[in-house]
Amino acid sequence: MTKELPSAYDPKQTEEKIYELWEKSGYFNPDNLPISKSSKLKAKSYCVAVPPPNVTGSLHMGHALNATIQDILIRKKRMEGYKTLWIPGTDHAGIATQNVVEKDLKKQGVSRHDMGREKFLEKVWEWKEKYGNIILNQFKKLGSSMDWSRTRFTMDENYQKSVAAAFNHYHEKGWLYKAERVINWCVKDQTSLSDLELEYKEEKGKLWYIKYLLLEKSKVQSQKSKVNPNYQLPITNYIVVATTRPETMLGDSAVAVNPKDKKYKNLVGKKLLLPIMNREIPIIADKEIDMGFGTGAVKVTPAHDLLDARIGEKHNLPIYKVIGPLGKMTEEAGARFAGMKTAEARGKIIEELKQLGLIEKEEDYTHNIALCYRCGGIIEPLPSLQWFLKMDELAKIAISAVKKGEIKFHPQNWEKIYLNWLENIHDWNISRQIWWGHKIPLEGENDVLDTWFSSALWPFAALGWPTACQQSQKSKVKSQKNICEPIPGSDLEQFYPTQILSTARDIINLWVARMVYSGLELTGEKPFTDVIIHATILTKEGKRMSKSLGTGIDPMILIEKYGADAVRFGLIWQAMGGQDIHWDETAVVAGKKFANKVWNIARFILQQTNNPQLTIDKLQLKNTENKKIIAKLSETKKSIEKYLDEYEFGQALHTLYDFIWHDLADKYIESSKKLNDKESKQTLYYCLLEILKLLHPFMPHLTEEIYQNLPSKNKDLLMVEEW
RNA sequence: GCGCGUUUAGCUCAGUGGUAGAGCGUUUCAUUGACAUUGAAAAGGUCGCAGGUUCGAUCCCUGCAACGCGCACCA
């Protein structure tokens with residue numbers, strides 16, 4: 001006889017206990033899985049490397065959704081008999097982590113400079129220990145069936161070897177170079193940043209129109225511009241340029257116009273006198289200049305603007321560094337301005353220009369300013385000696401893998417974002433002037449690598465690359481391609497390439513694209529086959545969830561309130577078609593009610609059947625009601641499988657919910673009460689077993705708990721029951 | 001500026017070339033027997049706006065609007 005189950009399902013009595021049961025079984029580790037002898041999938045592996053969360057804090061709703069998505073896929077594949085591995089881990093997250101630790105120290109009135117590099121790094125490691133473990137435990141709370149014996153950290157000992165191997169590979173290929181280039185410099189963090197590490201904020205500013213005097217008298221005729229009818233070139237001896245940053249004029253080395261621009265045609269090649277600096281600068285022609293903007297004439301500051309740097313290089317213009325790394329004017333800006341903050345210098349310059357009568361006009365102007373994606377501080381473009389990775393070849397192979405369909409995005413339209421970036425890519429500035437990170441593996445180098453350089457290696461580094469590679473004939477012959485020949489039986493051989501990469505859309509280029517080319521180049525294989533871009537979770541009003549704004553929701557609080565299965569249900573219930581989710585807690589409420597419904601369905605069926613039969617012969621069923629529910633059940637199963645194959649998780653769950661609640665409980669169970677015969681009881685029991693299996697990937701604790709209370713079962717755990 | 005997405009019930013969202021669906025909420029009734037975290041029923045929507053294709057459009061096409069997002073070297 002079955003023991004009496006309580007009438008309400010209580011996740012608090014269940015979830016922790018069940019998770020321990022799973023962990024004790026060892027089945028999270030694919031090496032311990034009872035791979036069925038009969039299965040044709042015997043040797044097939046299925047691997048997902050979790051996107052390692054930053055060790056800056058704790059999991060947010062996006063992590064919870066993503067973990068649930070991956071756990072659904074992993075659990076289903078495990079039940080289907082695949083040798084299934086889900087690798088857990090965390091990311092050291094260079095600048096982000098350095099910033100939170102600095103902020104934490106600041107509360108005690110200490111700066112990292114007070115402490116010194118070594119002492120500070122000790123503090124960061126302490127932080128990592130604490131928060132890294134919190135994150136891993138939160139994954140457990142969600143019910144994630146990860147193999148904890150394979151937990152990785154992007155700065156653990158072996159990972160350092162991976163990073164060094166990758167760096168050396170690129171070095172040998174001649175794709176790494178050190179050069180002084182205009183890069184994005186974060187004044188607050190005192191480090192360079194790549195183009196992707198910026199955020200843009202709209203800011204109201206001014207557009208100043210400044211007169212630059214011609215040194216020779218010209219014979220220009222007055223004529224109207226077609227593009228900007230309001231602007232009329234006066235018959236005078238000056239050119240007007242428009243700028244939002246007058247302080248950079250101290251570093252001007254030319255004024256550029258479009259070669260097609262008729263109003264300036266006769267002026268190209270003539271000289272101007274740069275105001276204040278009284279420097280002679282040429283008027284040059286470059287087709288990158290937009291004739292329609294401002295006056296059509298642009299001041300060129302090669303040191304402090306990315307476009308100007310390119311134009312300067314093309315035209316061999318001298319570089320005047322007038323803004324320093326601290327965001328202050330340099331000596332080169334002249335003694336009057338040296339040491340001033342840029343904003344202060346700007347005011348001073350405007351004032352002087354006004355006195356000189358060189359300001360033609362000023363307009364209100366709204367433009368985007370670049371900010372650091374980690375600290376929100378000002379970005380100054382300035383020349384700096386940095387390491388760069390050449391992107392031409394790498395971008396090419398990453399583009400081709402997606403265009404050929406070897407790697408697929410779901411939903412597919414995200415491929416555009418990926419391709420658009422790769423097709424217009426610049427060399428990657430990979431050095432950072434912070435303390436926390438992988439040191440550049442060369443003698444005498446103090447900088448660390450962009451945190452995304454190591455993240456880019458995640459799927460194969462987490463599986464043991466390059467330690468798990470061996471020298472082979474193949475790799476000698478194809479030395480050009482650096483094919484890694486994995487040692488037989490190694491994780492790398494068994495689980496690489498991985499199958500799925502599930503992540504948020506904001507790191508498609510920052511991370512996904514870089515994993516693709518790194519994997520293809522370093523291992524000779526794509527790192528994964530399918531990229532799932534899951535929904536972004538917003539507040540109910542459609543605003544960004546953010547801790548600092550107080551609009552964030554802590555998934556752990558929801559778990560405490562409703563249970564992990566209900567939270568998983570609520571997340572997936574809302575995950576429809578990759579659309580952004582306007583978070584609605586009532587979906588979690590529905591999940592909690594549903595868990596209770598399933599619990600009571602099980603309770604009822606177990607009360608009915610004391611001698612259950614695991615299988616039924618569908619063809620032998622005599623009663624129409626029984627036949628109908630069994631047919632509906634297999635239809636539901638097919639539909640769920642189809643949706644999951646398409647990564648339509650929400651649809652799959654809605655389908656299952658409808659079947660269980662409305663078909664099975666509302667209709668069939670009610671009619672079975674009237675039948676009350678052996679055949680219908682067998683049918684009931686069969687349905688119970690099937691819904692437990694179908695629902696297990698979505699709500700694993702609940703279903704496992706019920707399974708553990710069945711009088712007869714095939715396997716010791718539902719987790720490894722045959723799908 | 002270029003591109004993408006969204007617009008359906010009070011709220012959050014599914015969906016279909018032919019009498020519109022779910023969850024939550026609301027209203028009424030039921031209930032000692034799996035479940036009140038329940039059951040039965042009801043109210044509630046000219047499916048953003050304007051054209052077009054069609055026998056027929058919420059669905060396909062065009063335009064517009066609102067909101068959101070991404071990209072860009074807008075000086």
Side-chain angles (χ1 to χ4, degrees), chain A residues 4-10 182 195-196 198 200 207-210 241-246 248-249 252 255-257 286 288-290 292-301 304-311 365-368 370 381 411 413-414 416-418 420-421 423-424 426 505-506 508-509 535-536 538-544 562-563 566 569-570 573-608 648 650-651 653-655 657-658 661-662 665-667 669-670 672-673 684 688:
Chain A
E4 199 62 34
L5 298 175
S7 68
Y9 173 66
D10 181 3
V182 177
D195 298 344
L196 291 177
L198 308 179
Y200 292 90
L207 190 59
W208 283 276
Y209 288 76
I210 306 171
V241 298
T243 182
T244 54
R245 303 193 61 195
T248 63
M249 69 169 287
D252 283 2
V255 164
V257 298
D286 195 291
E288 288 198 70
I289 305 304
D290 178 358
F293 190 90
T295 63
V298 189
K299 57 190 274 314
V300 181
T301 322
H304 300 292
D305 183 279
L306 292 165
L307 170 63
D308 291 7
R310 214 158 57 232
I311 291 176
Y365 187 67
T366 307
H367 62 140
N368 288 325
N413 56 317
W414 296 112
K416 270 189 204 164
I417 305 264
Y418 170 98
N420 180 48
W421 181 65
E423 280 161 1
N424 299 294
H426 303 295
R505 61 154 175 264
D506 46 339
I508 289 174
N509 296 326
T536 301
L538 306 169
T539 66
K540 195 160 190 169
E541 294 75 34
K543 301 272 181 249
R544 224 185 129 115
Y562 302 102
F569 179 102
W573 185 256
Q574 296 179 76
M576 304 297 276
Q579 280 308 307
D580 285 353
I581 293 171
H582 287 205
W583 180 253
D584 183 6
E585 196 170 309
T586 64
V588 182
V589 174
K592 189 171 164 61
K593 286 188 184 176
F594 183 56
N596 195 60
K597 188 72 182 179
V598 172
W599 180 256
N600 279 290
I601 287 170
R603 233 159 56 92
F604 174 75
I605 294 177
L606 293 182
Q607 280 168 17
Q608 298 296 304
E648 290 283 2
Q651 298 285 11
L653 182 57
H654 279 256
T655 304
Y657 176 95
D658 280 346
W661 202 307
H662 302 304
D666 289 349
K667 298 200 188 85
I669 288 185
E670 290 311 313
S672 80
K673 284 176 182 169
L684 278 172
L688 175 61

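Since we're looking at a predicted model, the values are computed, not measured. Here is the naming used below: chain letters follow the sequence lines, and residue numbers restart at 1 for every chain.
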(request) Can you tell me the distance, in whole Å, between the CG atom of A/Asp252 and the C1' atom of B/A75? (result) 11 Å
(request) Could you give the distance separating B/A72 and B/G63 at their C1' atoms, to the nearest angstrom? (result) 27 Å
(message) Need the pair for B/C55. Rule: Watson-Crick or G-U wobble, both distances under 3.5 Å, any strand; none if unpaired.
(response) B/G18
(request) Rounded to whole angstrom, note down the P distance from B/U6 over to B/G48. (result) 12 Å
(message) For a 4.5 angstrom cut-off between non-hydrogen side-chain atoms, does A/Asn509 reach A/Asn420?
(response) no
(request) Sequence neighbours left out, what passes ring pair (Phe, Tyr, Trp, His ring centres under 6.0 Å) with A/Phe594? Give chain and number order. (result) A/Phe569, A/Tyr657
(request) Would you indicate, yes or no, if B/A34 has its OP1 or OP2 atom less than 4.0 angstrom from a side-chain nitrogen or oxygen of A/Lys673? (result) yes
(request) Write down the distance between NZ (A/Lys543) and P (B/C67), rounded to a whole number of angstrom. (result) 11 Å
(request) State which residues pass ring pair (Phe, Tyr, Trp, His ring centres under 6.0 Å) with A/His582; sequence neighbours excluded, sorted by chain then number. (result) none
(message) Over all strands shown, is A/Tyr657 touching base, sugar-phosphate only, or nothing at heavy-atom distances under 4.0 angstrom?
(response) sugar-phosphate
(message) Looking at A/Lys543, I want to see if its NZ is surrounded by more than 12 non-hydrogen atoms of other residues, nucleotides or ligands under 6.0 Å.
(response) no
(message) I'd like the C1' distance from B/G17 over to B/C55, given in whole Å.
(response) 12 Å
(request) For A/His662, check ring pair (Phe, Tyr, Trp, His ring centres under 6.0 Å) against everything at least two apart and list the hits. (result) none
(request) Using the C1' atoms only, state how far B/U62 lies from B/U54, rounded to an integer number of Å. (result) 16 Å
(message) By the 4.0 Å heavy-atom rule, please label A/Leu538 as base, sugar-phosphate, or nothing.
(response) nothing
Polar-atom pairs under 3.5 Å, protein N or O versus N or O of nucleotides 72-74 of chain B: list them with distances, or write none.
unit_1, atom_1, unit_2, atom_2, d
B/A72, N6, A/Asn368, ND2, 3.1
B/C73, N3, A/Glu288, OE1, 3.4

(message) Rounded to whole Å, please give me the gap between CD1 in A/Ile508 and P in B/G5.
(response) 14 Å
(message) Taking the C1' atom in each of B/A14 and B/G21, what is the distance between them to the nearest angstrom?
(response) 7 Å
(message) Using atom C1' in both nucleotides, what's the gap between B/G3 and B/A75 to the nearest angstrom?
(response) 23 Å
(request) Determine the minimum heavy-atom distance between A/Tyr562 and A/Ala566, stating which atoms define it. (result) O-CB, 3.4 Å
(request) Pick the P atom in B/U12 and in B/G25, then give their distance to the nearest Å. (result) 16 Å
(message) Any strand counts, and the cut-off is 3.5 Å on both contacts for Watson-Crick or G-U wobble. Which nucleotide pairs with B/G1?
(response) B/C71
(request) With a 3.5 angstrom cut-off on both distances, give the Watson-Crick or G-U wobble partner of B/C64, or none if there isn't one. (result) B/G48
(request) Quick one, give me the B/S/- string for nucleotides 8-15 of chain B, reading 5' to 3', where B means a protein heavy atom under 4.0 Å from the base and S means that only happens at the primed atoms, P, OP1 or OP2. (result) ---SSSSS
(message) What's the gap between B/G68 and B/G15 when it is taken at their C1' atoms, as a whole Å value?
(response) 23 Å
(request) Grab the two heavy atoms, one from A/Pro381 and one from A/His304, that are nearest each other, plus how far apart they are. (result) O-ND1, 3.1 Å
(message) Quick check: on RNA chain B, is the nucleotide nearest A/Asn509 upstream (toward 5') of the one nearest A/Leu207, or the reverse? Name the residue that is more 5'.
(response) A/Asn509
(request) Provide the closest heavy-atom pair for A/Thr248 versus A/Thr301 in the form atom of the first, atom of the second, distance. (result) O-CG2, 3.2 Å
(message) Within the 4.0 Å heavy-atom criterion, would you say A/Val589 contacts the bases, only the backbone, or no part of the nucleic acid?
(response) nothing
(request) Answer with base, sugar-phosphate or nothing: what part of the nucleic acid does A/Ala587 contact at a heavy-atom distance below 4.0 Å? (result) nothing
(message) What is the separation between atom CD on A/Glu423 and atom P on B/G3, rounded to the nearest whole Å?
(response) 16 Å
(request) Write down the atom of A/Ala665, the atom of A/Lys597, and the distance for their closest heavy-atom approach. (result) CB-CE, 3.7 Å
(request) Please check if the side chain of A/Trp599 supplies one atom and the backbone of A/Pro6 the other of a donor-acceptor pair under 3.5 Å. (result) yes
(request) Please give the nucleotide sitting opposite B/C11 as a Watson-Crick or G-U wobble pair, both distances under 3.5 Å, or none. (result) B/G23
(request) Output yes when A/Asp580 and A/Arg505 qualify as a salt bridge under the 4.0 Å nitrogen-oxygen rule, no when they do not. (result) yes
(request) Describe the nucleic acid contact of A/Ile669 in one word from base, sugar-phosphate, nothing, applying a heavy-atom distance below 4.0 Å. (result) base
(request) Indicate yes or no for a side-chain donor-acceptor contact from A/Asn600 to the backbone of A/Ser7 under 3.5 Å, with no hydrogens or angles considered. (result) yes
(message) Walk along nucleotides 38-43 of chain B from 5' to 3' and tag each nucleotide B, S or - by protein heavy-atom contact under 4.0 Å, base first, then sugar-phosphate.
(response) SS----
(message) Is the shortest side-chain heavy-atom distance between A/Asp195 and A/His426 below 4.5 Å?
(response) yes
(message) Strictly by Watson-Crick or wobble contacts shorter than 3.5 Å, is anything paired with B/A43, and which nucleotide is it?
(response) none
